Number of protein chains: 2
Amino acid sequence: MSSYGQFCPVAKAMELLDERWTLLVIRELLAGSTHFNDLRRGNPKMSPALLSKRLRTLERAGVVRRELHDGRSSYTLTPAGEELRPVVEGLGAWGIRWIGSLGEEDLDPHLLLWDIHRTIPLEVWPSGRTVLGFEFADVAPRIARWWLCVTDGDVDVCDADPGFDLSATVTTRLRTMIRLWRGDLRWPGALKEDLVSISGVAARDVPLWLGHMKLAAVERPA
Amino acid sequence: MSSYGQFCPVAKAMELLDERWTLLVIRELLAGSTHFNDLRRGNPKMSPALLSKRLRTLERAGVVRRELHDGRSSYTLTPAGEELRPVVEGLGAWGIRWIGSLGEEDLDPHLLLWDIHRTIPLEVWPSGRTVLGFEFADVAPRIARWWLCVTDGDVDVCDADPGFDLSATVTTRLRTMIRLWRGDLRWPGALKEDLVSISGVAARDVPLWLGHMKLAAVERPA
DNA sequence: CTGTATCCATGGCGATACTG
DNA sequence: CAGTATCGCCATGGATACAG
C-alpha cells in the first residue's frame with residue numbers, strides 16, 4: 001500500500017483497493033459472506049494469512065467492520081464499504097463484456113457450485129427435498145461429481161453422493177456449465193447442440209432452477 | 001498479472017486492472033492525454049519502463065490502441081477502454097467521499113498545476129493574455145512559485161517567471177490550494193479565514209477562473 | 001472455526017542511465 | 001520526444017504448519 005504521491009481521489013482510492021485480492025474480498029462481503037471461512041471459500045486460492053491481513057487493512061481504512069458474536073467473529077461492510085458496490089458491479093459488467101476467454105485455471109467446480117448455491121432462485125424449486133446431480137466430463141474424477149441438495153429453502157453443496165434420489169442429473173463439460181452460468185451460452189442452444197445433457201424426471205426444469213449469475217444479464221458487445 | 005483462478009468477471013477484470021498504476025494510466029487516457037510524456041506528467045512517480053510495460057499490456061488486452069502519426073506515437077482508448085470511464089469515475093467519487101486525509105507526500109504542486117491547466121474553464125477568462133501567479137508558503141523555494149499563462153484559449157504552466165504582468169497572485173499553503181481544488185474547502189470561507197490571500201487587479205475573479213476539479217462536485221458523507 | 005506464525009522465493013517495481 | 005536497458009532490493013504474497 002505504498003503511496004502514489006498524488007492528491008487525486010482515484011489514486012487515493014487505488015492505494016487501498018488495488019492490492020491483490022482486495023476487491024475480491026469486498027466482492028464476497030457484498031455478496032453477503034460474513035465469516036472468515038466463507039470469505040475463504042469465495043477466494044480459495046488466497047492464503048488465510050493474506051486474507052487476515054487484507055481484512056485488517058480494510059478495517060483500519062473504515063471499509064470493514066469486525067464484530068464478535070458469541071465467540072465467532074463476523075465481518076461486514078461499513079457504509080463506506082457498501083458504497084463500493086457500484087464500483088464492483090461496474091468492474092464485473094466490464095469484465096463480462098470484454099474479457100471473454102477463460103483459461104483452464106479459471107474453471108474451478110467448487111467455485112461454480114459455491115456461486116450457484118448462494119444465488120439459486122429458491123422460489124421456483126419444489127417444496128420438500130430436491131437433489132440435483134452434476135457430472136463434469138473433463139475434470140479429474142475426484143472433483144467431477146457434485147450434488148446440490150435443496151431442502152425447503154436450504155441449499156447444500158456436496159462433493160460426495162448424499163444418497164438421496166436424484167431429480168435430475170446434468171452432464172457436460174465444466175467449461176460449458178460455466179459458460180451457461182455466466183450467460184456466455186444459452187441453455188436452449190446448448191441442449192440442441194448436445195453440449196449439455198440433462199436426465200431425470202425433472203430434466204425440463206433444471207435450466208429454470210439454476211438460472212444464471214446476476215452479471216449474465218449484461219449485454220455483450222456486438 | 002497472475003491468475004486468480006476464478007471465472008468471476010470481477011476477478012477476470014482485476015487480473016488486468018489491479019496492477020499498480022494501471023488504472024491511473026487509464027485515468028490519464030480518459031482525461032485526454034495521448035502521448036507518452038503526457039501520461040508521464042500525469043503520473044510523475046511512475047518510471048518510464050513501467051509505463052511502457054503497462055501500455056503494452058493494455059494494448060494486448062484490447063484496452064489501448066497505439067498509433068503512429070508522423071513518427072509520433074499516440075495512445076488512445078478503444079471502446080473497451082472507454083467503457084472503464086464509469087468505473088474510474090466511481091472510484092474517484094468513492095475516494096473523495098471516504099479518503100479525506102492527504103499525506104504530505106500527496107501534495108505535489110506540479111501535479112496540481114498540471115491538473116488545473118487541463119480543466120480550467122477557459123470560457124470565463126478574458127481574451128488576450130492573462131497571467132496568474134501562485135506562491136506556496138510551505139514548500140521548498142525551488143517549487144514554491146508557479147505561473148499560469150492563459151493566452152486566447154491556450155494554457156501554459158510555468159515554473160519560472162514568464163515576465164509578463166500578473167493579473168493576480170494567489171498566496172497560500174499548498175495543502176490549502178489542493179483542498180480548494182478538490183472541493184474539500186470553499187473559497188469564500190478560506191478567504192474569510194485568511195487561509196488564502198489573492199492580490200492583484202483581478203483578485204475577485206480568481207475563484208471563478210480556477211473553478212474546481214470535476215470530482216469536487218461529489219457530495220460528501222454527513 | 002478463526003485465525004497466527006514462519007519461511008522463502010519470486011518478480012514487481014523503483015532508480016538511473018542511456019539511445020535513436 | 002519516446003522510449004530501452006540494466007540492476008538490485010525488498011516487500012508481496014504463496015505455502016505450510018500450527019494454535020486458541
Side-chain angles (χ1 to χ4, degrees), chain A residues 1-6 11 14-26 28-29 33-61 64-76 105-106 108 114 156-157, chain B residues 1-6 11 14-25 28-29 33-61 64-76 105-106 108 111 114 156-157:
Chain A
M1 232 198 1
S2 79
S3 168
Y4 283 119
Q6 301 186 8
M14 292 316 282
E15 283 180 13
L16 174 67
L17 300 175
D18 74 356
E19 287 182 304
R20 193 163 162 72
W21 294 108
T22 297
L23 274 169
L24 302 188
V25 172
I26 291 169
E28 289 305 302
L29 290 163
S33 291
T34 56
H35 296 299
F36 194 83
N37 280 353
D38 291 343
L39 296 170
R40 288 200 67 188
R41 243 185 295 274
N43 291 300
K45 309 234 296 192
M46 185 182 195
S47 83
L50 193 51
L51 173 56
S52 178
K53 182 181 174 185
R54 288 288 183 272
L55 287 169
R56 211 162 297 277
T57 300
L58 290 170
E59 192 185 0
R60 263 188 289 119
V64 162
R65 175 178 33 238
R66 181 191 185 180
E67 283 168 319
L68 279 160
H69 295 303
D70 11 281
R72 262 196 112 182
S73 51
S74 78
Y75 300 91
T76 50
E105 68 279 7
D106 298 327
D108 179 337
W114 172 252
D156 277 320
V157 175
Chain B
M1 234 200 355
S2 77
S3 167
Y4 282 118
Q6 302 186 8
M14 292 316 282
E15 282 180 13
L16 174 67
L17 300 174
D18 74 357
E19 287 182 304
R20 193 163 162 74
W21 293 108
T22 297
L23 274 170
L24 302 188
V25 172
E28 288 306 300
L29 291 163
S33 291
T34 56
H35 296 298
F36 194 85
N37 280 353
D38 290 343
L39 296 171
R40 287 200 68 188
R41 243 185 296 275
N43 291 301
K45 308 234 295 193
M46 185 182 196
S47 85
L50 194 50
L51 173 56
S52 178
K53 182 180 175 185
R54 288 286 183 273
L55 287 168
R56 212 162 297 275
T57 300
L58 289 171
E59 192 185 0
R60 263 187 290 121
V64 162
R65 174 177 35 238
R66 181 192 184 179
E67 283 167 320
L68 279 160
H69 294 304
D70 11 280
R72 261 197 114 183
S73 51
S74 78
Y75 300 91
T76 50
E105 67 278 9
D106 298 326
D108 179 337
L111 224 32
W114 173 252
D156 277 319
V157 175

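Per chain, numbering begins at 1; letters A, B, ... match sequence-line order. Values in this document were obtained by computation on a predicted structure and should not be read as measured data.
In this structure, B/R72 does not reach the D/dG3 phosphate: none of its side-chain N or O atoms is under 4.0 Å from OP1 or OP2. Between B/S73 and D/dC1 there is no side-chain N or O to OP1 or OP2 distance below 4.0 Å. Contact check, B/R41 against D/dA2: no side-chain N or O comes under 4.0 Å of OP1 or OP2. At C/dT4, one or more side-chain N or O atoms of A/S52 fall inside 4.0 Å of OP1 or OP2 (strictly under the cut-off). Listed pair B/W21 / C/dG14 meets the phosphate criterion, a side-chain N or O lying under 4.0 Å from OP1 or OP2. Between B/H35 and D/dA2, a side-chain N or O to OP1/OP2 separation shorter than 4.0 Å is present. Between A/K53 and C/dG3 there is no side-chain polar atom (N or O) within less than 4.0 angstrom of OP1 or OP2. A sub-4.0 Å separation between OP1 or OP2 of D/dT4 and a side-chain N or O of B/R56 is present. Look at A/Y75 and you'll find a side-chain N or O under 4.0 angstrom from OP1 or OP2 of C/dG3.
By the 4.5 Å heavy-atom criterion applied to side chains, B/W21 and B/K45 are counted as neighbours.
Going from atom CG of B/N37 over to atom C1' of D/dT4 covers 14 Å, rounded to whole Å. B/E59 places its CD atom 14 Å from the C1' atom of D/dG3, with the value rounded to the nearest Å. Rounded to an integer number of Å, the gap from A/E19 CD to C/dC13 P is 11 Å. We find that CG of B/N43 is positioned 11 Å from P of C/dG14, with the value rounded to whole Å. For B/L68 and D/dA2, the CG to C1' distance is 10 Å, given to the nearest whole Å. For the pair A/E15 CD and D/dA11 C1', the interatomic distance rounds to 16 Å; values are reported in whole Å. To the nearest angstrom, C1' of D/dC1 lies 15 Å from CG of B/L55. Residue B/F36 contributes atom CZ, which lies 10 Å from atom C1' of D/dT4 at whole-angstrom precision.
When the nucleotides C/dC13, C/dA15, D/dA2 are ranked by their closest atom to the side chain of B/R54, C/dC13 comes out on top. Here C/dT4 is the nucleotide among C/dT4, C/dC13, D/dG3 with the atom lying nearest to any side-chain atom of A/P48. The side chain of A/L50 lies closest to D/dG13 when the candidates are D/dA2, D/dG13, C/dC1. Nearest to the side-chain atoms of A/R20 among the listed nucleotides C/dC13, D/dG13, C/dT2 stands D/dG13.
Between the CZ atom in B/R56 and the CZ atom in B/R66 there is a gap of 5.5 Å [rounded to 0.5 Å].
Residue contacts for B/R40: at a heavy-atom cut-off of 4.0 Å it reaches no nucleic acid atom on any strand shown.
In terms of modelled atom types and a separation under 3.5 Å, the side chain of A/H35 and the main chain of A/Y75 share no donor-acceptor contact. Checked by atom type and distance alone, the side chain of B/R20 pairs as donor or acceptor with a backbone atom of A/S2 at under 3.5 Å. In this structure, the side chain of B/S52 does not engage the main chain of B/P48 through any donor-acceptor pair within 3.5 Å.
Smallest separation of non-hydrogen atoms from B/R41 and B/L111: O-CD1, 3.5 Å.
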